[in-house]
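The structure appears right after this line, and notes come after that.
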Amino acid sequence: TCAFAGQKKVLAAYEEAVKCGYSGARAGRLHTPHGVFDTPMFMPVGTQATVKAVSPRELKEMGAQIILSNTYHLYLRPGTELVAEAGGLHRFMDWDGGILTDSGGFQVFSLGPLRKITEEGAAFRSHIDGSTQFLSPEIAIKAQMNLGADIIMAFDECIPYPAEYQYAKLSTERTTRWAERSQKAHTRSGQALFAIVQGGMYQDLRRVSANDLVSLDFPGYGIGGLSVGEPKPVMYEMLEQTVPLLPENKPRYLMGVGTPDCLVEAVRYGIDMFDCVFPTRVARNGTAMTKSGRLVVKNAAYAKDFLPIDENCGCYACQNFSRAYIRHLLKADEIFGLRLTTIHNLYFLLDFTKKMRQAILEDRFLSFREEFLAQYCK
Ligand SMILES: CNc1nc2c(CC[C@H]3O[C@@H](OC)[C@@H]4OC(C)(C)O[C@@H]43)c3nc(N)[nH]c(=O)c3cc2[nH]1
Ligand SMILES: [Zn+2]
């Protein structure tokens with residue numbers, strides 16, 4: 001374990017939040033027990049303690065700083081006590097960078113059938129063996145302390161989309177009470193607990209949620225309940241209402257986002273951290289991400305295309321293999337094919353956030369954003 005001095009609120013303190021003169025875009029540095037990391041940053045999702053199809057060594061090589069894992073999944077299998085006995089998640093999966101775990105709120109509401117939500121918490125059926133399970137703020141925090149991530153998330157309800165105003169109001173108020181219970185249950189120093197802003201797609205509820213959580217004083221804030229099927233302009237409108245209410249010297253994490261066009265817009269509003277299963281998920285059905293949009297390597301058009309996916313890309317796949325070869329592997333159901341598209345997509349997003357950070361530091365984020373959006377077809 002690494003010694004970490006100072007209070008948890010220092011943990012995610014911003015050192016040089018370089019703010020370019022335009023709206024809220026900023027470049028910061030995130031302090032954690034496993035290192036100091038640059039933002040804006042993309043965090044690969046490793047739901048079950050592995051980023052599917054790639055090794056920790058490859059993640060390090062492509063510049064991953066913080067990876068995500070999921071309390072809901074690990075709680076059900078192999079169990080968070082077992083991971084604690086193994087020495088914690090970093091040891092278990094041999095990753096010495098940063099780890100962020102989601103609290104399980106989202107999965108209970110999206111994966112668990114037959115769920116029932118009360119003030120106490122959420123009852124649901126395990127998607128693995130159908131057994132009846134229960135998660136509460138206290139259980140979710142204890143599980144995350146067992147996993148030992150550097151950043152953990154408060155237990156919340158990700159409000160489905162669309163939702164009635166009344167339901168969104170009651171759920172958001174309960175999520176704030178759950179955040180307070182999460183805070184009280186969180187006793188592990190050197191680990192930052194982030195709250196999660198909810199409020200559905202209602203401007204006033206978003207503002208109330210943000211203000212209530214800020215007054216509870218967390219070291220960082222997730223913005224939840226977005227990227228759940230709402231139109232992108234609605235997501236941006238909720239960001240516009242929420243981000244300015246969050247402390248400038250604390251990190252903001254937009255949960256579950258996303259595609260490069262969403263990332264560049266969210267950075268404009270002042271978001272620092274992103275996670276999304278998209279790059280790894282589409283890679284597994286043979287789709288590569290490029291700066292001009294998606295390239296379905298599996299298509300017959302690439303059968304004799306001996307160029308790399310992207311000749312300006314520095315990733316292992318583009319440096320050594322052709323589209324024809326990767327297409328052949330995908331058609332032949334060879335595991336290496338999925339590995340190459342996954343490596344490329346993760347590298348692409350990690351490199352994209354690095355390029356945004358550079359643009360902000362050189363005070364040219366606006367033109368970077370314009371150029372990118374002009375070239376990228378969604
Ligand atoms: C995609 N759009 C989207 N993701 C969201 C998430 C994260 C949930 C996903 O991030 C990964 O965990 C870190 C996991 O991979 C799967 C298993 C896919 O789900 C997890 C959210 N999490 C919480 N606690 N609260 C939210 O309001 C919330 C909203 C989201 N919208
Ligand atoms: Zn590449």
Side-chain angles (χ1 to χ4, degrees), residues 43-49 51-52 61-62 66-74 76 99-112 122 127 135 137 140 144 147 149 151-161 163 168 171-172 175 178-179 182 194-200 206 209 221-230 235 238 242 253-259 262 273-281 283 288-291 295 297 307-323 326 339-352:
M43 305 181 285
V45 173
T47 303
Q48 303 189 104
V51 177
K52 292 182 174 29
E61 204 177 278
M62 61 174 81
I66 298 183
I67 62 172
L68 262 57
S69 214
N70 216 280
T71 307
Y72 165 87
H73 293 81
L74 297 173
L76 294 179
I99 298 180
L100 182 152
T101 45
D102 192 8
S103 52
F106 182 86
Q107 291 68 40
V108 167
F109 308 114
S110 63
L111 293 177
H127 71 290
L135 272 183
Q144 292 182 89
L147 294 174
I151 300 173
I152 68 174
M153 304 307 288
F155 187 70
D156 65 324
E157 179 185 1
C158 174
I159 299 171
Y161 174 77
S171 168
T172 298
T175 283
W178 282 358
S182 298
F194 283 16
I196 303 176
V197 178
Q198 292 293 346
R206 283 277 164 186
S209 177
Y221 296 88
I223 298 181
L226 294 177
S227 183
V228 286
E230 77 283 3
M235 176 168 82
M238 291 306 114
T242 312
Y253 162 29
L254 179 53
M255 305 187 83
V257 174
T259 49
C262 293
M273 301 160 73
F274 300 90
D275 89 87
C276 183
V277 292
F278 175 82
T280 39
R281 188 168 289 173
M289 298 169 75
T290 73
K291 56 187 176 310
L295 189 148
V297 191
L307 292 174
I309 289 172
D310 174 350
E311 43 198 349
N312 302 318
C313 176
C315 89
Y316 173 63
C318 294
Q319 292 297 308
N320 299 290
F321 305 98
S322 70
R323 293 165 175 184
I326 297 172
R339 281 181 27 74
L340 289 173
T341 49
T342 300
I343 286 167
H344 169 77
N345 285 354
L346 287 173
Y347 182 97
F348 173 79
L349 272 184
L350 290 163
D351 185 54
F352 184 62

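Computed from a predicted structure; not experimentally measured. Ligands are counted one by one from 1 in listed order, and the atoms in each one are counted from 1 as well.
- With a 4.0 Å cut-off on non-hydrogen atoms, Val257 does not touch ligand 1 at all.
- Side-chain atoms of Gln144 and Thr101 form a donor-acceptor pair, as typed in the model, at a separation below 3.5 Å.
- By the ring pair (Phe, Tyr, Trp, His ring centres under 6.0 Å) test, Phe348 pairs with no residue at all, sequence neighbours left out.
- The salt bridge (Lys or Arg N to Asp or Glu O under 4.0 Å) test applied to Arg206 returns no partner, not counting sequence neighbours.
- The residue among Val228, Leu226, Asp156 with a heavy atom at the shortest distance from atom 26 (C) of ligand 1 is Asp156.
- Considering only residues two or more places apart in sequence or on other chains, Asp351 meets the side-chain contact (heavy atoms from CB on, under 4.5 Å) condition with Tyr347, Lys355.
- A distance of 7.5 Å separates CD1 in Ile309 from CZ in Arg323, rounded to the nearest 0.5 Å.
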Take Thr175 and Gln198 through the side chain to side chain donor-acceptor pair (under 3.5 Å) test and state the conclusion after the steps. CA-CA 8 Å; Thr175 283; Gln198 292 293 346; 5.4 Å; no
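- Residue contacts with ligand 1 include Met255, since one of its heavy atoms falls under 4.0 Å from the ligand.
- Taking the six-membered ring where tryptophan is involved, the planes of Tyr316 and Phe321 are perpendicular, since the angle between them exceeds 60° and thus also 30°.
- At a cut-off of 2.8 Å, measuring from the Zn ion (ligand 2), the protein N, O or S atoms that fall short of it are Cys313 SG, Cys315 SG, Cys318 SG, His344 ND1, waters left aside.
- The shortest separation from a heavy atom of Glu157 to ligand 1 is not under 4.0 Å, leaving the residue out of contact.
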